Chemist: 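Questions regarding the structure given below will be posed in turn.
Remember, predicted model here, so these are calculated numbers, not experimental data. Numbering of ligands and ligand atoms starts at 1, following listing order.
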Amino acid sequence: MSSVRDRFTAAPRGAFADVPFAAVPDAQWNDWRWQQRERLRTIDAFERVVKLSAAERHAFSACSDRFLVAVTPYYAGLIADDPACPIRLQSLPHAAELDDNADELDDPLGEERYMPVPGITHRYPDRVLFYTTHNCPVYCRHCTRKRKVSAAETMPDFQQLELGLKYIEANSAIRDVIVSGGDPLTFSDERLDELLSRLRAIPHVEIIRLGTRNLVTLPQRVTPDFAAMLKAHQPIYVQTHFNHPKECTQEAFDACARLADAGAVISNQMVLLKGINDDVEIVRALNQKLLMMRVRPYYILQADPARGTRHFRTPVETGIEIIRGLRGHSSGLAVPHFVVDGPGGFGKVALVPHYLESSDEGRHTFKNYRGETFEYVDP
Ligand SMILES: *Cc1c(COP(=O)(O)O)cnc(C)c1O
Ligand code: SF4
């Protein structure tokens, strides 16, 4: 019997035949604690697995103290021996990270400005973003929260988390809590269980979202025990961050299956990145794979003007054209919203291609995805 799972392949253990990871026993390779411990953090560690160019070595030394480098062996295994490899571009520093562009900000979304208490961003009436940790298995070079992610001094301590919980408890308008970071799945099951229990005990909290990239960078983290723990706190919405079809491995498929079987609703927030996924064919392939993994494409996010990320950013038009190339051409389920998050803290706006050609006294002329024109007349 052929299953959908068989259409996904396990991640290779590196682009070279002689990589040290080839000899690692499966039990170790599949242990998330091992993956977390063995993360590649130095040039030497990388060079055992990936061939670095002179430019990459230089960028590594120059950038890594500004924004840490860390890549799980699993994710590093997906790095191809190609300077344009989308996994490579997301995980290895580029010299352009050091550029100070006048239009870029440390805190592009004004998150610190909208903080009633440290760690809580309360921008919209009924939901908050809860910054719970500064750790992630892989530090994505395009991260919007570079200013604090990976920096030990931003680690929320017990007291800060307590203040955040108190704030949510005291504000009955909050019905949706986005547990974010960093990546909250870097916590142990016990700590997360405790945090989720506290949130679930608040009568006005209706849904909890977990923002995590572990499904992409460390899918081994989603153990059966973890999924069982989560099941007790439903409804849980997991929001993840796949950016390229290469990230849709069998390991990721299994992690999503465990979460979905535990009742979590999984959605994806892709960040539009130049040279990585600014192409409709790539996005269509990604979204179709995600649907097979029971992940619903939710947002395509225009890259925020975070300092040192200009080399990743695309014109707004690119995102609109990607939506045009999806709508009608593939399942509506594969069509996310394209959003721009207003720099300075204005929140998200969704953009759609122009389908309405003209409107005249209740007579509307549209153009469909095939370029055909049709009319709809108001009652
Ligand atoms: C993106 C975001 C949310 C969630 O927005 P949705 O459109 O509801 O997914 C909430 N708070 C902040 C601060 C955000 O940036
Ligand atoms: S996982 Fe998210 S928070 Fe962590 S480095 Fe990547 S983009 Fe930033």
Chemist: Check whether the side chains of His364 and Asp378 place a donor and an acceptor atom closer than 3.5 Å, and report yes or no.
Modeler: yes
Chemist: Strictly under 2.8 Å, is any N, O or S atom of Cys136 next to atom 4 (Fe) of ligand 2?
Modeler: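 Looking at Cys136, which is the residue asked about, there is an N, O or S atom under 2.8 Å from atom 4 (Fe) of ligand 2.
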Chemist: Go through ligand 1 atom by atom and flag the ones less than 4.0 Å from a non-hydrogen atom of Arg123.
Modeler: 13 (C), 15 (O)
Chemist: If you take the centroid of each ring, where Trp contributes its six-membered ring, are His94 and Phe312 closer together than 6.0 Å?
Modeler: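 For Phe312 and His94, the ring centres are not under 6.0 Å apart.
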Chemist: Go through ligand 1 atom by atom and flag the ones less than 4.0 Å from a non-hydrogen atom of Thr121.
Modeler: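 Heavy-atom distances to Thr121 below 4.0 Å select 13 (C).
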Chemist: Should you measure from each heavy atom of Arg209, which atoms of ligand 1 turn up under 4.0 Å away?
Modeler: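 Taking each heavy atom of Arg209 in turn, ligand 1 has 4 (C), 6 (P), 8 (O), 9 (O) under 4.0 Å.
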Chemist: What protein heavy atom sits nearest atom 1 (C) of ligand 1, and how far off is it?
Modeler: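 For this ligand atom, the closest protein heavy atom is Lys348 NZ, 1.2 Å.
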Chemist: If we ignore angles and hydrogens, is there a donor and acceptor under 3.5 Å between the side chains of Glu247 and Tyr75?
Modeler: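 Yes, side-chain donor-acceptor contact under 3.5 Å.
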Chemist: Are Thr154 and Tyr131 close enough that a side-chain donor and a side-chain acceptor fall under 3.5 Å?
Modeler: yes
Chemist: Identify, by atom number and element, the atoms of ligand 1 in contact range of Tyr298, meaning under 4.0 Å from any of its heavy atoms.
Modeler: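 It comes down to these atoms of ligand 1: 6 (P), 7 (O), 8 (O), 9 (O).
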Chemist: Near Tyr299, which atoms of ligand 1 are under 4.0 Å from a heavy atom of that residue?
Modeler: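 Reading through ligand 1 atom by atom, the close ones are 6 (P), 7 (O), 9 (O).
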Chemist: For Glu169, is there an ion pair with Lys166 - N to carboxylate O distance below 4.0 angstrom?
Modeler: no
Chemist: May I ask whether Ile266 and Met229 are part of the same hydrophobic cluster, defined by side-chain heavy atoms of I, L, V, M, F, W, Y residues being less than 4.5 angstrom apart, directly or through others?
Modeler: yes
Chemist: Return the closest protein heavy atom for atom 4 (C) of ligand 1 as residue, atom name and distance.
Modeler: Ile178 CD1, 3.4 Å
Chemist: For residues 327-355, please give each side-chain donor-acceptor pair under 3.5 Å, one per line with the distance, not counting sequence neighbours.
Modeler:
residue, atom, partner, partner atom, Å
Ser330, OG, Gln288, NE2, 2.8
His354, NE2, Leu356, O, 3.3

Chemist: Please classify the Glu111 to ligand 1 contact at 4.0 Å (heavy-atom distances, strictly less than): side chain, backbone, both or neither.
Modeler: neither
Chemist: Any carboxylate oxygen within less than 4.0 angstrom of a Lys/Arg side-chain nitrogen, looking at Asp279 and Arg284?
Modeler: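 A salt bridge is absent here (no side-chain N lies under 4.0 Å from a carboxylate O).
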Chemist: Taking 4.0 Å as the limit for heavy-atom contacts, which would you say applies to Val138 with ligand 2: side chain only, backbone only, both, or neither?
Modeler: backbone
Chemist: Which residue holds the protein heavy atom closest to atom 1 (S) of ligand 2, what is that atom called, and what is the gap in Å?
Modeler: Arg213 CB, 3.5 Å
Chemist: Using heavy-atom distances, let me know which of Ser150, Cys143, Ser180 sits nearest atom 8 (Fe) of ligand 2.
Modeler: Cys143
Chemist: Do Asn214 and Asp183 have a side chain donor and acceptor closer than 3.5 Å?
Modeler: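 Looking only at side-chain atoms, Asp183 and Asn214 do form a donor-acceptor pair, the distance falling under 3.5 Å.
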Chemist: Select the closest option to atom 6 (Fe) of ligand 2 among Ser91, Ala70, Cys140, judged by heavy-atom distance.
Modeler: Cys140
Chemist: State plainly whether the residues Arg5 and Asp254 are in salt-bridge range, i.e. N to O under 4.0 Å.
Modeler: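 Salt bridge between Arg5 and Asp254, a charged N being under 4.0 Å from a carboxylate O: yes.
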Chemist: Looking only at protein heavy atoms, identify the closest one to atom 12 (C) of ligand 1 and say how far it is in Å.
Modeler: Tyr124 CE1, 3.9 Å
Chemist: Return yes or no for this condition: an N or O of Gln239 is under 3.5 Å from an N or O of ligand 1.
Modeler: no
Chemist: Quick test: of every protein heavy atom, which one is nearest to atom 2 (Fe) of ligand 2, and how far off is it to 0.1 Å?
Modeler: His241 ND1, 4.5 Å
